[in-house]
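The structure appears below as structure tokens.
Below, read A as the first sequence line, B as the second, and so on, with proteins coming before strands; counting in each chain starts at 1. Only a predicted model underlies this, so the values are computations on that prediction, with no experimental measurement involved.
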2 protein chains.
Amino acid sequence: MFPETRFAADTKERILDAAEALFVEQGFVATSLRMITAKAGVNLAAVNYHFGSKDELIKAVFERRLGPLNKERIAYLDRLEAQAKGKPLKPEQVVEAMVSAALKLSRDPLKGGTAFLRLLGHTIAEPADYMQRFLPEQYREVVVRFKAAFARALPEIPEQELVWRMHFMFGAMTYSMAGNDALRLIASCKLCEADDAESIVRRLVPFLVAGLQAPLPAARTEGKPDTRRATRKRAA
Amino acid sequence: MFPETRFAADTKERILDAAEALFVEQGFVATSLRMITAKAGVNLAAVNYHFGSKDELIKAVFERRLGPLNKERIAYLDRLEAQAKGKPLKPEQVVEAMVSAALKLSRDPLKGGTAFLRLLGHTIAEPADYMQRFLPEQYREVVVRFKAAFARALPEIPEQELVWRMHFMFGAMTYSMAGNDALRLIASCKLCEADDAESIVRRLVPFLVAGLQAPLPAARTEGKPDTRRATRKRAA
DNA sequence: GTCTATACCACGATAGAC
DNA sequence: GTCTATCGTGGTATAGAC
């Protein structure tokens, strides 16, 4: 229809591809717009024209991958819940719905492959304020759906506690996906051969399921009496 | 003795204090040396004179807090092991040794208080290469000692698996300490009142202990048979 | 609308005077 | 030890070509 938009899209795509590759290699701050535009073969000002700023470019890089990833997570959950026909899912099913979409993405080089997962891990803790607003927005739907699913799968966990445990879950997940740079530190001399995403997931799911189902902490005795129903499953 | 070193120390301290405060508020890249030196009341070139570069200043800010924190962790572990008189510690004791030192630090404004913990969380995933080398070095002793303690406390977990679970533990820990900015995302409309470090720890420890003790994942059937002794403690 | 050339200001770093 | 001056590079804004 409008031939010029085809060219524009190509330019935008080329910028996104170049930016993503360089961000993974060197991080956000270390990669300059001049490096990105040089690699993409476009003019420096093209970034500002198409994206407005470097920050907006970063957000666009994430949006392109994170959107489909989170849609896949929800689709996976939908399928599980359809199969269950109204019965609550098992905790490990919900955890796997959360994790396995990322696993699938890591196997597809066209969607960013492992590189994007590392990028994601590096950015969850990003202090920049524009990310503090952007990421919650991107994850909102996923969080709402999975929180509901977990609440049904783990009825003995009070909501307040569940929120925290999901928080811990996100931490363990993103941290471990960020690549084994930090793992080398723990493994010390002994090298860890399993750096494929699949074996990470196989190890991560039991850890998370156990953590989510952990016995509830003792209610604080000091201060006003606790109003939450702290149904202790079993003693530690 | 050398009066000029007294002044130098003051200048260094003033720079460190100003830098730490600004880093917490705005992150590393967003705070310029000009902001730091203005807040500290020193000349711009003083940073380069005393620390060599901005990167070295960042490392110095961390070293000042992280060194004592990790020494405290090891001291806590030493005390527990002395009490146990050769018997293996319980998993929850080891986890608490890891976590409670951070809790203590968060209560001491002179040592950085909660602000430094947030800074720590924001930096574990730092992609900058100088941090990739610096942080492992800072954590090396802690990791070696705690890995040994966990190996004794959890003899049924193979070493390979233990390394990964410690990795997940670090993730959940640092992520949750980084502040509840990301938590707001999970809690959605419902505000979480418990943002003091103490209640985080009370919730975090049971989660981690359960995760570390989780039943071992099923051995992969493909490829060579698994040589690990996969002693399943209990079914999920 | 799309793209280019170019100028602008803030940044980190450094040399040399005091 | 401290300061001023200056350099190269970074993100950004804009005027104008196509």
B/R165 side chain vs B/L212 backbone, donor-acceptor pair below 3.5 Å: yes
When you match A/A30 and A/A45 each to their closest nucleotide on DNA chain D, which lands nearer the 5' end? A/A30
Which nucleotide in the set C/dA15, D/dT12, D/dT14 lies at the smallest distance from any side-chain heavy atom of A/S53? D/dT12
Just compare C/dA7, D/dC3, D/dT14 and give me whichever is closest to any side-chain atom of A/R34. C/dA7
Interatomic distance where [atom1] belongs to [X] and [atom2] belongs to [N] [whole Å]:
X	N	atom1	atom2	result
A/K54	D/dT12	NZ	C1'	12 Å
A/R14	C/dC3	CZ	C1'	12 Å
A/N43	D/dA15	CG	C1'	13 Å
B/D55	C/dT14	CG	P	11 Å
A/L57	D/dT12	CG	C1'	14 Å
B/I58	C/dG12	CD1	C1'	12 Å
B/I15	D/dC3	CD1	P	10 Å
B/L33	C/dA10	CG	C1'	12 Å

For B/V29 and for A/G41, locate the closest nucleotide of DNA chain C by heavy-atom distance; then report the residue assigned to the nucleotide nearer the 5' terminus. A/G41
Quick one: is [X] getting a side-chain N or O under 4.0 Å of the [N] phosphate, OP1 or OP2?
X	N	result
B/S32	C/dA10	no
B/T11	D/dG1	no
A/Y49	C/dC3	no
B/N48	C/dG12	no
B/H50	D/dT2	yes

With a 4.5 Å limit on heavy-atom distance, are the side chains of B/F170 and A/Y175 in contact? yes
Heavy-atom distance under 4.5 Å between the side chains of A/R73 and A/R145, does that happen here? no
Would you call the rings of A/F150 and A/F146 parallel, tilted or perpendicular if under 30° counts as parallel and over 60° as perpendicular? tilted
If you compare all heavy atoms of A/L204 against all heavy atoms of A/S176, which two are closest, and at what distance to 0.1 Å? CD2-OG, 3.9 Å
What contact category does B/T31 fall into here, base, sugar-phosphate, or nothing, at under 4.0 angstrom with non-hydrogen atoms? sugar-phosphate
